[in-house]
Amino acid sequence: MNSFIYHLGILLVFPPLLLGVIGKTKAFFAGRWGPPLLQGYYDIFKLGRKQPVYSVTTNWIFRMGPMISTAAILAAGIVLPISGLKAPVQFGGDMILFVYLLALSRFFMVLAALDTGSSFEGMGASREATFACLSEITIFLNLAILALLSKSLSLSGIFLGGLSSSWGQVGPVLILVVVSFFLVLLCENSRIPVDDPETHLELTMIHEVMVLDHSAAELALIVYGQALKLFLFGCLIVSMIFSFKIRNIAAEAAFFTSGFFGLGIAIGIVESAMARLRLNRVLYVLYAAFIFSIFAFIVILVRGHA
Amino acid sequence: MLLFLLLLPLIAGGAAFVLPQRGWRNKVLISAALAHCAGVFSFWRSPLPVSLNEFLGLDAPGLLVLSVVSLLFLMVAFYLLGYFKDEPDISHRIFIGFLLLFLAFMTLVSASRHFGLLLIAIEATTLSSVPLINFVKTKQSIEATWKFLVICLVGIALALLGIYFLAVATIGNVESIFIDKLISHPGQLSLPWLKMSVIFLLIGCGTKMGLVPMHTWLPDAHSQAPSPVSALLSGCLLNCAFLSVFRIAQVAHAAGLMPFFSSMLIPLGIMSMGLAYVFILGQEDYKRMFAYSSVEHMGIVAIGLGLGGIGIYGSLLHMINNAFTKGLAFLVTGNLYQQYHSKRAGDVRGVLRRHPLTGIFLLAAFLAVSGLPLFGTFISELIILYAALLGHHYILAFFYLLFLALIFMGLAGIVLKMAQAPAEDQEAMETSGESPSMILPVLFLTLIVVVLGIYIPPILNGLLQQCSGLLAG
Amino acid sequence: MNVWLDAALVLIILLALFITVSNRLGTMIHLFGLQSCLLGCVPFFIYFKQMEFYIAFVAGAAIVLRGLAMPSFLYWAIRHVSSRSESNPTIGFGTTLLLSGAAIVGSFLLATRLVFPVRIASDMVVPCSFSLIIIGFLLLTGRVKAIAQVVGYLVLENGVFLFAMLLLKKMPLLVEMGILLDLFIAALVLGIVVNNINDEFDHTDTLELTTLKD
Amino acid sequence: MTLILYCLLILAVSIPLMLALARFKKISAHVYLGSLVVACALGLFSASGVLSRGIAPVDFRLAGTIPLGEFYIGMDALSAFFLLLFFILSLAAGIYGYGYMRDYKGGRNLPAHFSLCHLLMIVIILVVVAKNAVLFLAAWELMTLASYFLITFYNEHERVRKAGYVFLIATHTGTFCLLGMFLLMGVHAGSMDFDRMAMAPFPLGMAAGIFVLAFLGFGVKAGFIPLHVWLPHAHPEAPTHVSALLSGVVIKIGIYGLIRIMSIVKDFPLWCGIVLLATGIVSGVAGVLYALGQHEIKKLLAYHSIENIGIITLGLGIGMIGRYYHQDTVSYIGYAAALLHTFNHAVFKGLLFLSAGTVIRSTHTGEMDHMGGLLKWLPWTGHLFLIGSLSICGLPLFNGFISEWLVFRSLLEGVFHLDMCGIIFSTAAIVALGLIGGLAALCFAKAFGTVFLGHNRSEHEHHHNMEGDFVLVAPVAMLAALCLWVGLFPQEMVSYAFQGVKSMEGAAVPVVFRQAILGPLLSVTKVLFAGIAIFLFFALLRRIFLGACRVTWTETWGCGHAYTSSKMQYTASSFARPVLKIFRSVVLFRIKSEIPKRYFPAAGQLNSGVKDISEYFVFRPVFYAVKKVSRGLKWIQGGRTQSYILYILFLLVVLLIWKLR
């Protein structure tokens, strides 16, 4: 029970910080001072206190969608180990639950968007769902590779020790997987070059246009949910990189935190260095991610799967 | 008793020619049919074979065919009561008279124990059915009759030659070509002549049976004859022809020529099935459609006979099923023709809606003809396929199933449209009632086919076993 | 006696060839009648030594029924037919003749392979009968007039009958007579149907009888 | 067994009763309803009894009345499992059908329709419990027939008849494959009894032949791509409750047959499993892609049936591969997954079809692009449809997830335990299943979104209370409850599925496997409840935050555009377009448009649609070839007596030359 609470605590508290790190990095590259590191928290609280506006077209799905969605992401976090912290619930095949809970969250966001009857939101929803299909298969393939390497079916098993020997044996392969995961992260969390979280220009957008009509507490929850999702994907990547086992909790936490900061900075660098891609080229990012992981898979097979 | 069976329809036929009133002729027809039927079924209790003299006798296959003929004839006789309404007296007289003669000759076919007599009887059935086929005397019906006559006569001439060859083969050993004697003296026949004889007899009797490529008369005659006659042709005449093929098989079997015989019979059978598909698909005339289906079923029967073993059981069972099924099918087409006055399938629409009973029987006929379960044809087709697989005839089995599927496709396309599609002019055609005398025989035939599909009475089973025993070992 | 028999057989074949080349229906019927009469005489030649009453009876019946009754009946059938000649046969007269020649050769070849179990009067009977049968077939397929086809069929029958001559002793009289009668009635019915055709269509051209097809 | 016999008896007796009472429509309909409920209750009781106790009742056998065949039935756990789903679904669909048909005014004979429904039930029960191949075949064929007549209920429409015809031809041809297969097995085993067949050893070559025939025969019924041609035509044209039965049960019987064969012939070559797996991948992915391209709601659901059959086949395929390698973990979990997904699909597909039926009933159209905003008018139906959507997408909380999870699990086990070839195929299947899941979610977001959310897209005004009364809602709600029950408390159904696997393998499933599955499922439940708790927490939070605020209700913000028409909404077609564009070469996605030009544009139009590859490139050409051959050979019967006689002569010569050389 305790682990449950710690885990949820981390998931509830830390995610917006990552947004701050990214923001700071981007500001640095733009030569600005930028918003404070805790801007994410401020935004959420600001939105939470606002007065909501609802469309008369909408049903309860519009209002409950963000909640179900965020709750699902949070529930997905329950099976994911954070750093050395074992997931409170772990079982063979929990990775599938993880992906499907994310899918559940997306499903309700899409429905909430469609509930408004606005064609802009319909468009965003359509794009979001389309890209999600492609990123999902990459995630599955990556997870299958990791499972194959670590001989474990649960996320905790994979990340807490299962992979430790693999870096030595098939390190390059794991790098491919990390890159592939990183690309998926960019897509799933609507970061540049896939999507621009800052603008609301409808023709170019995917995720942001989907939440166009949400306001107040729901929007706050959505922002938090986004941050949480980014955090979870970050967890995947970071714990893949730091998959060796250290007994010392403090050291582990330090590694992990620095990893996260590194990830935030990496995302920030990418966002600063690249422009947003045209919509039809976004696909190529996803294809690339998928091909990286296929490549990794083949290498493992040829190597006699470690 | 056998003599009675032979003479009864002859006498009744003669009476029908002279009786002045239509009602009396009908009574004669029905009572003769009933008596004949009763007489035939009285044989079921007695041990077989029954023989009257050297020439006449009933063995198991003979009795089987005779029973089918008699029962189907009875049904058709009942059906005829409601079928004819206002045709001239003279044609009614001729029709009933020749109908009874036809029955008499078919009885003779089943009862003859001498090949010569068998052939005479078959020729007589051909000749006596000519006035029946040419009943309506339109151009088409005359054409059909002409073709029927010429082709069947040529066939029979060849069969006759086959019989003489058989006689040559027996020179020096067997006294004459009595079937029993031929069978009981195997191995003493001159093989080249016997082979010739089998080939000629097969072609001759195959012509009558409607095997491809000698089938060409069949669709014409069946489609142009009045429907009850088509039912008799398809249900009785073809079976009589099959009986003669069975006789040949008996002789061939006794002489150890069964593989030789099968190697011809099976290709002919499968060709018949294939041809039936070609002509059933997209067929415009629904009577021709059922006629081609007769070709198909005769092909199946031939395959079963050719396969031997359990195939013979299936073949005979299929013969019975097919007879009743075809009787059913053609009687239903009779109903349809009376209500729609057209043989074009395209003119017949919405049968289920307009004439629900006829519609249901049309569907039943279609399903039975296609060999769907609950109907006897399913079981017999299954047994024949079983025999094919038992003999490792995989290619045969493949084509068998392929053609069955294609034929089903063709039949379904036509019949279902007839039954279900709405008529273009809903109210234009008046709906005449469905008279009981035209429904009850159909119902009865349906029941027979269904019962044979779920239950084969032990006595029938015994008879079938006895028949297939004739070609076993 | 073999000489007589052989002579009769050769004549029969010759008559058949004549039938194939004659284009007048009347001539065909005449020739057929002649051929049947000759055929009726054949038993006398074959069973010259062991003549019995019933053989004579069968032969006589054959002459009467096939040689006399049938031709006159056929005449009756075409009494109203306007065009009495086979104008455009499907297989030309020359071709038919050539094919018939081939058929005769083939029949003799076939007959050498089929050894008759007992010694018979002449080894020409079997090939002749085969030749007649094939010529009959040729007429059936090559002629378009209904009556010409009937004649073709009858020639075919004659072939069968010729073969039957060898086996007169083998078959019971009843069967033999039955067959004879049956064939006669068949010819009768054919004639009636030809008559019907003539009534209904005003001609006896079977090429017009092709409405029933798929 | 007695219960099942009673159940059959009740159904059988009620058929003539209904027909006899055809004049009194009400009474006859009540007879239908009564007999349905009683029979289903009996059947459910008996099937669940077998499953929970794990003991098969004594077989029932009538002495042989026809050669080869006899009335020989028995119920092992496998049969019981399928009977369970069958009775559940036919109860729901039957009651719904009673309500659905109540206001039918077409002059068709309703008692006859209901009798056919009962007949279909009888034969399906017989198929499932048959222990004799001939009985199986007979019942199987009658099932086709009964389904045909049910599909063509609205047979005054050409479309309906054509759909029925395609169905009949396709499945009948399939039956012929089965005929060949069973007889092959029967000949080899020397008996047509399944028990005796199961004892006979089948050499690998023969097993391969049997597999091919079974694959074709059962695959047509089950709707494997590319054998599925009938399915997308037949489902939409049938009356709704019939579609539900077709999709929920009839195609499952195809799966049942395949499983039955796998339980009889134990050892198949490796490639059989691979073929099955590949079929699963193709059917799943292509099925859902085609579904995305549909604008008609029932057609969409029909293609989803193909997709789900694909998922089931994935389970079967990996199970078969596992069996080849003697990896029991893989095969047992794979089979259990297939069984469970069969059950789940029946439940949620029934649910979806029935609620779609209510939608069609109230809008009089199946076109999704003419609907919209129906959640307000049909609240019950809308929410039930939502539950069905969530289930079919395999999203957690509902039953679809449980079975898809099992499939994933078996595939992952395959990755662990198999050799190179097995790993490649399992991984491919994992990826495919992932894709299927994503696309299915997309598709149902589209379906639910366009039908129930947003504005109404057509001028047609909806009427209140079109939802109908208790008999239309209750059966659907029952199915929805079942979805939720299995999704949250899966232990019961999973252990039933393992019972089925046990009787399939003929050996008890080791407890270890069962624990390896049931334990994780318990954890899934834990996570899900945590998720629900979190949701409630959020909801509470929102209530607190919003408690003080004033809520403003207004029109949807149009980004500055004023809405002129509800038709400006995103439609189902536009929603699916991006993904269809990606896969356009797979599904032949084409957009045809006439774009208005010039200054005063005339009316323009735009069409988009997908084409079924196997229908257009496999079946139609074959069909045309068949017709062409037939047309090309018609000269044989040319009408000329001369040529007819020539045929005889020709045959004579051929035979003489052939036989007397």
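Predicted model only: the values in this text are computed from it and were never measured. Each chain gets a letter, A, B and so on, in the order the sequences are listed, and its residues count up from 1.
Remark: side-chain polar atoms of D193(D) are not paired, donor with acceptor, to backbone N or O of R196(D) under 3.5 angstrom. Within the 3.5 Å criterion, the main-chain N or O of G376(B) finds a donor-acceptor partner in the side chain of N321(B). Side chain of S630(D) to main chain of V278(B): a donor-acceptor pair is present (N/O by atom type, distance under 3.5 Å, no hydrogens or angles). Here the side chain of Y400(B) pairs a donor or acceptor atom with the backbone of E381(B) at under 3.5 angstrom. With R161(D) contributing its side chain and N155(D) its backbone, the two residues share a donor-acceptor pair below 3.5 Å.
For a residue to count as touching a neighbouring chain, one of its non-hydrogen atoms must lie under 4.5 Å from one of that chain's; by this rule L281(B) touches chain D with backbone and side chain alike. Interface remark: R288(B) contributes side-chain atoms only to the contact with chain D (heavy atom separation under 4.5 Å). L374(B) touches chain D through its side chain: at least one heavy atom from C-beta onward sits under 4.5 Å away, while N, CA, C and O do not. F71(D) does not touch chain B: none of its heavy atoms, backbone or side chain, sits under 4.5 Å away. With a threshold of 4.5 angstrom between heavy atoms, A421(B) approaches chain D through its backbone and through its side chain. If you measure heavy-atom distances from L389(B) to chain D, the contacts under 4.5 Å come from both the backbone and the side chain. Interface remark: Y313(B) contributes side-chain atoms only to the contact with chain D (heavy atom separation under 4.5 Å). Heavy-atom distances place no part of F375(B) under 4.5 Å from chain D, backbone and side chain included. Interface residue L406(B): only side-chain heavy atoms are found under 4.5 Å from chain D. Heavy atoms of S380(B) lying under 4.5 Å from chain D are absent altogether. The part of F378(B) that comes within reach of chain D is its side chain, from C-beta onward, which places non-hydrogen atoms under 4.5 angstrom from that chain. For L275(B), the part lying near chain D is the side chain, with the backbone staying farther off; criterion is any non-hydrogen pair under 4.5 Å. Residue L68(D) touches chain B through its side chain alone, counting heavy-atom pairs closer than 4.5 Å.
If you tally non-hydrogen atom pairs under 4.5 Å between each of L202(B), L464(B), L404(B) and chain D, the highest count goes to L404(B). Most heavy-atom pairs under 4.5 Å with chain D: of the set G206(B), G350(B), G282(B), A405(B), this distinction falls to A405(B). Of the listed residues (F650(D), F623(D), Y644(D)), the greatest number of heavy-atom pairs within a distance under 4.5 Å of chain B belongs to Y644(D). The most heavy-atom pairs under 4.5 Å with chain D, out of I199(B), D220(B), L352(B), L158(B), come from I199(B). When each of I645(D), L652(D), L145(D), L168(D) is checked for heavy-atom pairs under 4.5 Å with chain B, L652(D) comes out on top. Contacts with chain D were tallied for A412(B), G410(B), G155(B); A412(B) has the most, counting heavy-atom pairs under 4.5 Å. Interface check for chain B: of the options W658(D), Y165(D), Y647(D), the most heavy-atom pairs under 4.5 Å are formed by Y165(D). With chain D as the partner, the residue from L372(B), I280(B), V154(B), I310(B) showing the most heavy-atom pairs under 4.5 Å is L372(B). If you tally non-hydrogen atom pairs under 4.5 Å between each of V626(D), L142(D), V134(D), L660(D) and chain B, the highest count goes to V626(D). Most heavy-atom pairs under 4.5 Å with chain B, from the set N109(D), I636(D), T175(D): that is I636(D). Chain B forms the most heavy-atom pairs under 4.5 Å with one residue out of E158(D), Q637(D), E156(D), and that residue is Q637(D). Between chain D and the residues L367(B), V212(B), L452(B), the largest count of heavy-atom pairs under 4.5 Å involves L367(B).
In this structure, W140(D) has its ring center at least 6.0 angstrom away from the ring center of F182(D). Taking the six-membered ring where the residue is Trp, the centroids of F202(D) and F211(D) are separated by 6.0 Å or more. Ring-centre distance between F176(D) and H172(D): below the 6.0 Å cut-off. Taking the centre of each ring, F153(D) and H113(D) come in below the 6.0 Å mark. Under the 6.0 Å cut-off for aromatic ring centres, F165(B) and F200(B) qualify, their centroids lying closer than that.
Under a 4.0 Å N-O distance rule, the pair E143(B)/K139(B) does not qualify as a salt bridge.
The aromatic rings of F167(D) and W230(D) stand perpendicular to each other, their planes meeting at an angle above 60°, with 30° marking the opposite boundary.
Annotation: F399(B), atom CZ; neighbour count of heavy atoms from other residues, nucleotides and ligands within 6.0 Å does not exceed 12. Within a 6.0 Å radius of CD1 in I395(B), no more than 12 heavy atoms belonging to other residues, nucleotides or ligands are found. More than 12 heavy-atom neighbours from other residues, nucleotides or ligands sit within 6.0 angstrom of NZ on K659(D).
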